[in-house]
Participant: 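Have a look at the structure that comes next, please.
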There are 2 protein chains.
Amino acid sequence: MAQSSKQTQTDKLAADIADSILSGVLAPGARLDEHGLAERYAVSRTPVREAIRSLAAMGLVELRPRRSAVVAEITPEKLETMFVAMGELEATCARLSALSMTPIERRRLQNQHERMGALVETDDVAGFVEANVTFHGLIYAGSHNTILADMVIRLRRRLDPYRRAQFRSPGRLPRSQAEHDLVVQAIVSGNAAGAHAAMLDHVSLVEDTFVSLTATRAA
Amino acid sequence: MAQSSKQTQTDKLAADIADSILSGVLAPGARLDEHGLAERYAVSRTPVREAIRSLAAMGLVELRPRRSAVVAEITPEKLETMFVAMGELEATCARLSALSMTPIERRRLQNQHERMGALVETDDVAGFVEANVTFHGLIYAGSHNTILADMVIRLRRRLDPYRRAQFRSPGRLPRSQAEHDLVVQAIVSGNAAGAHAAMLDHVSLVEDTFVSLTATRAA
DNA sequence: AGTTGCGATTTTGCATGCAGAATTGATTGA
DNA sequence: TCAATCAATTCTGCATGCAAAATCGCAACT
């Protein structure tokens with residue numbers, strides 16, 4: 001990802017702890033003991049403290065003065081809110097892509113979409129999931145707005161653990177592909193409102209899948 | 001603003017330095033010397049370092065390993081990007097408000113809008129500016145999505161220094177009010193797409209005002 | 001039995017000190 | 001006169017230490 005020697009201990013710690021949180025190794029609500037973490041990573045408490053501060057500003061951990069920092073709890077309500085926010089941001093990126101993608105970017109998006117069509121044919125779920133990340137990434141980039149793109153990328157990363165089984169449900173691949181088709185058509189033809197609506201539909205359906213999953217999990 | 005004794009030195013420093021940056025006391029590109037800041041605030045370097053780290057995660061300062069942190073430069077391109085992002089987020093909040101505001105919230109928005117009409121009549125610019133913040137705040141809250149609301153609030157705060165003279169141009173008040181009227185009507189009637197479009201129009205026009213201002217400033 | 005008060009321990013917040021990288025300035029050579 | 005090199009200084013990254021706040025455990029009381 002990034003060079004390892006150039007960045008500071010603090011940066012490495014922040015990245016590693018963030019991974020631990022996002023991957024679920026550190027469960028929500030878990031206390032981040034400075035001394036313990038320092039010992040675990042064989043550094044002093046100072047870089048640990050600074051790393052925790054970074055994570056707090058990113059919203060990954062909650063910082064209560066004079067009390068241990070804890071991994072931010074994600075309530076179902078908050079999760080719902082995050083999914084809605086991500087859907088809206090995705091739709092916005094699609095809208096902006098329709099308005100400001102270059103011809104080359106539109107071509108690339110079409111190519112990626114066609115490539116994914118082949119993966120649907122062979123029912124290659126793993127391949128599709130990977131290509132799907134690229135597909136959405138093209139749209140983030142196509143918005144030509146790094147602020148929005150960063151926001152949605154961060155949200156996606158944050159929601160990743162809750163999206164794992166997204167393409168498990170049978171028949172999801174061809175359906176996703178069909179939804180993508182509407183999005184691509186709108187973007188390529190410069191139909192901003194259409195791209196917005198199509199993407200919103202697409203991600204909302206994904207969200208529905210998620211909701212049913214959590215319902216299952218909660219039972 | 002917040003209680004002063006409960007929060008830590010680091011928090012107070014972060015807030016104060018952030019204010020200095022947002023108010024322009026610390027100009028973009030200015031180096032944040034840890035020792036100097038520590039001396040200025042009569043604390044040690046440790047809380048200063050931690051505060052700077054928080055600001056870095058918020059995007060207010062740029063952190064280059066082994067080199068001084070500097071106040072994040074805002075290039076005209078970046079500023080443009082931020083304004084576009086804020087416009088899209090505002091429009092999204094308006095959209096969600098149209099979908100999910102409670103009857104009480106819709107009523108409140110209408111009331112606020114009507115109150116601002118009176119301020120336009122008397123040409124009370126200061127009063128209108130203040131009421132305008134409340135007006136937009138109602139829409140952020142009305143989205144019932146704290147993630148998006150936080151994003152747009154933070155962006156607004158960040159852009160504030162560049163919006164100071166927003167209502168200086170003659171005739172801006174009645175025009176703003178007319179634009180607001182379209183937004184309010186759409187939200188109150190539950191017209192999501194209309195609210196989105198109306199708000200986008202509104203903030204885009206504000207942006208145009210800004211663009212002309214920077215053009216003036218640059219000359 | 002449950003609750004409240006108090007002391008011991010843990011843990012955070014901050015100061016200080018040191019090693020190494022980066023910057024500055026001066027000196028030297030073309 | 002200007003550019004390049006090298007030494008001195010400055011500043012960052014991190015470790016360590018100390019004081020205060022918070023937490024925990026135990027005991028006494030209602």
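Chain letters run A, B, ... following the sequence lines, proteins first and then strands; every chain starts at 1.
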Participant: Taking B:Ser97 for its side chain and B:Ser143 for its backbone only, find out whether a donor-acceptor pair lies under 3.5 Å.
Facilitator: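 At least one qualifying donor-acceptor pair exists.
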Participant: To the nearest Å, how far apart are A:Arg53 CZ and C:dC14 C1'?
Facilitator: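 For the pair A:Arg53 CZ and C:dC14 C1', the rounded distance is 12 Å.
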Participant: Round to a whole Å and report the spacing from CD of A:Gln9 to P of D:dT16.
Facilitator: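 The distance from CD of A:Gln9 to P of D:dT16 comes to 13 Å, rounded to the nearest Å.
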Participant: Just by distance, with hydrogens left out, do A:Ser204 and A:Asp201 show a side-chain donor and acceptor under 3.5 Å apart?
Facilitator: no
Participant: At less than 4.0 Å, is any side-chain N or O atom of B:Thr10 found next to OP1 or OP2 of C:dG13? Yes or no.
Facilitator: no
Participant: Taking only N and O in the side chain of B:Thr8, is any of them less than 4.0 Å away from OP1 or OP2 of C:dT12?
Facilitator: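 No, no such contact exists.
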Participant: Of the listed nucleotides (C:dT11, D:dC14, D:dC11), which one gets closest to any side-chain atom of B:Arg31?
Facilitator: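 It is D:dC11.
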Participant: Does a side-chain N or O from A:Arg67 land closer than 4.0 Å to OP1 or OP2 of D:dT23, or not?
Facilitator: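 So the side-chain polar atoms of A:Arg67 do come within 4.0 Å of the phosphate oxygens OP1 or OP2 of D:dT23, strictly under.
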Participant: Considering only heavy atoms and no angle criterion, is a donor-acceptor pair shorter than 3.5 Å present between the side chain of B:Arg45 and the base of D:dG13?
Facilitator: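 Looking at the base of D:dG13, it does pair with a donor or acceptor on the side chain of B:Arg45 (distance under 3.5 Å).
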Participant: Could you tell me the separation between the CZ atom of B:Arg49 and the P atom of C:dC14, rounded to a whole number of Å?
Facilitator: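 Atom-to-atom, B:Arg49 to C:dC14, this comes out as 15 Å.
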Participant: For the side chain of B:Thr46 and the base of C:dT16, is some donor closer than 3.5 Å to an acceptor across the two?
Facilitator: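 For B:Thr46, whose side chain was compared with the base of C:dT16, there is a donor-acceptor pair (under 3.5 Å).
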Participant: Between D:dT12, C:dT11, D:dT23, spot the one nearest the side chain of A:Ser68, thanks.
Facilitator: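 The listed nucleotide nearest to A:Ser68's side chain is C:dT11.
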Participant: Which part of the nucleic acid does B:Glu50 contact within heavy-atom distance under 4.0 Å: base, sugar-phosphate only, or nothing?
Facilitator: nothing
Participant: Rounded to whole angstrom units, what separation is found between the NE2 atom of B:His35 and the P atom of D:dT9?
Facilitator: 16 Å
Participant: How close or far is atom P of C:dT10 from atom CZ of A:Arg66, stated in whole angstroms?
Facilitator: 18 Å
Participant: Please examine the side chains of A:Tyr140 and A:Glu90, heavy atoms only from C-beta on, and report whether any two atoms are closer than 4.5 Å.
Facilitator: yes
Participant: Tell me whether A:Arg106 contacts the main-chain N or O of A:Met101 through its side chain, where contact means a donor paired with an acceptor under 3.5 Å.
Facilitator: yes
Participant: Quick check on the helix from C:dA1-D:dT30 to C:dA30-D:dT1: what's the angle between its two end axes, five base pairs per end, to the nearest 10°?
Facilitator: 30°
Participant: In whole angstrom, what separates B:Arg64's CZ from C:dA21's P?
Facilitator: 17 Å
Participant: So B:Leu32, base contact, sugar-phosphate only, or nothing? Heavy-atom distance under 4.0 Å.
Facilitator: sugar-phosphate
